[in-house]
Amino acid sequence: MKQYLEHHPWKIIEPGFDSENQLLSESIFSLGNGYMGQRANFEEEYSGETLQGNYMAGVYYPDKTVVGWWKIGYPEYFAKVLNSTNWLGIDIKVDGQVLDLAKCRVEKFQRILNMKEGYLSREFIAEFSNGNRLKVNACRFISMARPEIAAIRYSVKVLNFEGKLEITPYLDGDVINQDANYGEKFWDQVAGDVNDGRGYLLLKTKKLDFHICTAMDCQIRKNGQELRPDLDKIKNEKYIANKYFLDIQQNDEVTLFKYIASTSSRYYQVGELIDETSCQSRKAAELGFDNLLAEQSAAWGEIWQKSDIKIEGDTAAQQGIRFNIFQLNQTYTGEDERLNIGPKGFTGEKYGGSTYWDTEGFCLPFYLSTADQSVAKNLLLYRYRHLEKAQENAARLGFSGGAALYPMVTMNGEESHNEWEITFEEIHRNGAIAYAIYNYVNYTGDYSYLADYGLEVLIAIARFWAQRVNYSEKKNKYVILGVTGPNEYENNVNNNWYTNRIAVWTLEYTLEVMDYLEQEYPESLAKIKEKVSFKPEEINKWHDIINKMYYPIDEEEGIFLQQDNYLDKEQLLLSELDRGDLPLNQHWSWDRILRSCFLKQADVLQGLYFLEDKYDLETIRRNFRFYEARTVHESSLSPSVHAVLAAKIGDYQKAYEMYLRTSRLDLDNYNNDTEDGCHITSMAGTWLAIVQGFGGLRVRDNTLILNPFLPEKWSSYSFKINYRGALVNIMVGLEGLTIQNESKNDIEIKVYDKEYHLAGDGQLKIKDYKQG
Ligand code: BGC
């Protein structure tokens with residue numbers, strides 16, 4: 001835990017420079033626009049500890065794997081998002097001395113992430129060893145309005161000397177990934193050129209042939225006047241630069257504008273890249289920094305208009321939720337169905353930028369409610385397009401007949417992670433992918449999705465479950481052996497309750513969808529059945545599994561058991577743990593963790609969260625009490641599920657405690673690991689904690705349901721949701737609830753169990769509210 005950032009409703013502010021915080025700040029102040037993104041590295045040289053990171057969505061590398069013992073079924077490679085051309089760099093030299101904050105004396109440093117308008121700024125005074133002082137003011141953004149454009153304004157003001165200034169804006173493609181398994185570099189140069197004030201680099205990955213072209217256009221002003229100073233043009237392998245030479249005097253202010261365009265072969269023919277990119281960076285330069293920034297601010301204005309959450313009475317909580325919403329929007333904008341949401345987004349290399357079950361389990365509801373319906377649909381289509389690969393994956397493991405096992409970690413539909421207990425055993429991800437289809441259709445009412453895409457995926461997953469179970473003669477039940485549930489502090493267990501439950505739920509839902517299509521889309525159903533060679537016996541088998549699935553339970557405690565024999569473990573409680581042992585994964589051996597009863601994250605509770613309607617409140621309460629007391633929340637995904645369930649059982653204090661833990665996880669470095677990157681996918685969980693937890697939002701039977709409470713520490717909060725074409729603003733305050741329909745579309749709504757019809761532009765005021 002580290003608290004060094006100032007609280008502010010719209011800004012993240014780092015007051016003062018401490019090199020100890022640099023890696024953390026590089027993650028927290030990251031920028032992105034769904035298409036590309038970047039850690040908050042400094043423009044100028046920095047010889048202190050840093051993790052350089054510039055990433056392009058969907059551009060990855062199949063790195064050779066490292067494993068102890070190779071096991072048949074492992075994927076051949078480990079995919080990783082690529083650190084690509086550094087377009088940020090601007091070297092500064094004064095009379096031969098390099099500006100480097102690790103070496104200069106730094107004063108009045110301030111770094112600000114302006115979330116409202118989407119830019120990053122930094123100012124400081126640097127003093128060189130000879131006493132020369134410079135004031136630097138830097139500002140940059142990655143355009144939301146023009147996905148392939150970024151811009152930097154970098155000003156230096158001379159405070160107390162005269163001399164020679166060298167400014168060198170450059171593009172550097174000679175970069176490495178910190179997580180490269182064999183220290184290899186992944187890029188080759190295809191072309192590069194430099195001219196007066198401009199240049200480009202075209203690079204290509206050593207495997208898979210991804211091409212990225214990056215171009216810069218630079219302008220210099222001195223004391224507000226445009227200038228064409230003397231310059232050297234530098235062209236090395238994977239590096240181009242302009243080096244400007246200027247004479248400077250006290251009070252002079254020199255400003256460099258650097259306009260960047262970056263494009264990839266994912267969107268253009270390779271032969272078009274150089275022209276396209278150079279054209280775009282020139283156009284950006286013509287438009288100018290201020291105009292581009294105005295566009296940026298307007299684009300963010302629109303995003304906030306649809307997705308802002310306002311909290312009054314608690315600035316830290318307000319900053320926390322806005323930071324989460326900001327980062328989610330920076331990571332995924334949903335225009336390209338080939339893209340997805342890496343657990344670290346564009347803020348670091350960890351998790352290889354790949355797709356996990358996090359998307360379906362946690363992120364989908366955020367995008368469903370805050371963006372256009374097509375955005376959530378694209379997240380689903382991503383998996384639909386990967387269906388064949390998921391079937392191949394299952395076939396490699398010995399399954400047949402069109403069964404699909406979606407990968408635990410993927411870039412292109414292929415599994416790209418190889419730890420057997422995760423790759424082979426964490427099969428519950430298949431359930432989350434099926435559940436996402438339900439979630440999407442339930443929320444949007446887009447039933448045609450089932451006929452067009454959904455059912456095919458469901459059948460393939462159902463077929464997997466039908467083969468993955470085995471029939472225990474002894475128990476006279478179906479069991480699922482050798483799995484890892486969501487709680488990764490247990491591996492290779494038998495009958496993980498959650499996995500068994502979500503498997504059966506998938507079978508039930510698939511049958512329900514088939515019945516529905518039979519009624520409403522009979523032709524589509526017939527086509528799908530033919531396409532997948534569906535056999536009537538499959539239905540009988542699924543029913544048999546549904547009826548005879550084995551679930552571990554403990555009658556005495558009245559709980560579902562996380563897995564067989566869970567209670568044989570020494571039953572300790574979190575409250576009995578020495579605080580110094582936390583986080584366990586940084587203090588205990590893996591062996592000790594596996595033997596202990598402590599949970600990394602929600603497991604049985606994950607199931608009760610997804611399937612809450614199927615259980616009464618008392619059952620949920622008993623299980624919540626039992627497992628919450630044993631959960632260390634060392635996956636950032638965990639507290640949000642606990643927050644929603646705590647709210648459901650009326651434990652508002654606990655819900656609030658869990659919310660706080662998720663909302664400032666990165667800003668306060670709660671799990672001591674933010675320097676690797678921010679926990680982007682769990683940020684959606686923070687949103688869930690407020691909207692589904694505090695707001696009690698659900699959609700059931702085509703009705704929007706709200707059941708809000710106001711946390712004791714807040715005087716009010718409000719959130720907006722996009723629901724079936726209506727934009728609904730829900731405000732919860734000391735005077736009660738106000739629900740404003742900010743659209744022309746009528747909706748049906750149920751608040752505290754009472755039904756209302758809310759007309760377009762209409763408002764509903766309800767005096768009651770719950771406080772907790
Ligand atoms: C969690 C997984 C999650 C992954 C990526 C792990 O720590 O246990 O559930 O999918 O992180 O966020």
Side-chain angles (χ1 to χ4, degrees), residues 27 78-81 179 324 327-328 331-332 340-364 366 379 383 405-411 415-433 435-436 483-493 496 498-499 502 562-563 582-586 588 590 593-594 598-607 609-610 627 631-642 661-662 665-666 670-674 676-688:
S27 302
F78 197 117
K80 44 198 53 159
V81 68
D179 67 354
N324 289 281
Q327 286 290 3
L328 285 163
T331 307
Y332 184 75
N340 210 279
I341 308 153
K344 298 277 169 194
F346 297 117
T347 69
E349 295 175 3
K350 201 168 171 203
Y351 296 115
S354 302
T355 308
Y356 284 66
W357 73 300
D358 305 27
T359 296
E360 287 78 14
F362 299 83
C363 301
L364 184 73
F366 170 79
L379 286 175
R383 297 295 192 176
L405 176 59
Y406 277 91
M408 184 67 189
V409 180
T410 193
M411 273 290 181
E415 178 62 76
S416 61
H417 185 278
N418 36 34
E419 277 172 71
W420 63 270
E421 60 277 31
I422 292 178
T423 308
F424 300 146
E425 297 209 328
E426 238 187 292
I427 52 176
H428 67 82
R429 75 253 189 176
N430 248 10
I433 289 164
Y435 187 81
V483 303
T484 297
N487 166 26
E488 291 179 342
Y489 286 178
E490 299 275 359
N491 300 150
N492 201 32
V493 300
N496 169 259
Y498 171 71
T499 307
I502 204 77
Q562 188 177 262
Q563 73 254 358
L582 295 172
L584 295 183
N585 62 23
Q586 292 175 17
W588 284 11
W590 187 240
I593 288 179
L594 290 178
F598 293 109
L599 281 67
K600 179 183 183 187
Q601 66 203 90
D603 194 302
V604 166
L605 296 186
Q606 186 74 40
Y609 163 70
F610 280 157
Y627 287 109
T631 305
V632 290
H633 299 295
E634 288 174 17
S635 160
S636 62
L637 298 173
S638 185
S640 57
V641 172
H642 284 234
R661 186 149 178 178
T662 119
L665 184 87
D666 289 312
Y670 216 102
N671 282 358
N672 203 19
D673 59 0
T674 295
D676 299 334
C678 294
H679 300 80
I680 301 295
T681 45
S682 79
M683 291 182 176
T686 310
W687 181 91
L688 289 174

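We use all heavy atoms of the structure for the numbers below, so side chains are in, but hydrogens, waters and symmetry mates are not. Counting convention: from 1, in listed order, for ligands and their atoms alike.
Listed by chain and number, Pro343, Tyr351, Tyr356, Trp357, Asp358, Glu488, Lys600, Gln601, Ser635, Leu637 each place a non-hydrogen atom less than 4.0 angstrom from ligand 1.
The aromatic rings of His417 and Phe78 are tilted relative to each other, their planes meeting at an angle between 30° and 60°. In this pair, His428 and Trp357 present their aromatic rings perpendicular. The plane angle is above 60°, beyond the 30 to 60° band.
In this view, Lys344 satisfies the salt bridge (Lys or Arg N to Asp or Glu O under 4.0 Å) rule with no residue, not counting sequence neighbours. For Glu425, the side-chain hydrogen bond (donor to acceptor under 3.5 Å, both in side chains) partners two or more places apart in sequence, or in a different chain, are Thr484. Applying the side-chain hydrogen bond (donor to acceptor under 3.5 Å, both in side chains) test to Asp666 and every residue at least two apart in sequence or in another chain returns Thr674, His679.
A salt bridge links Glu415 with Arg429: at least one charged nitrogen is closer than 4.0 Å to a carboxylate oxygen.
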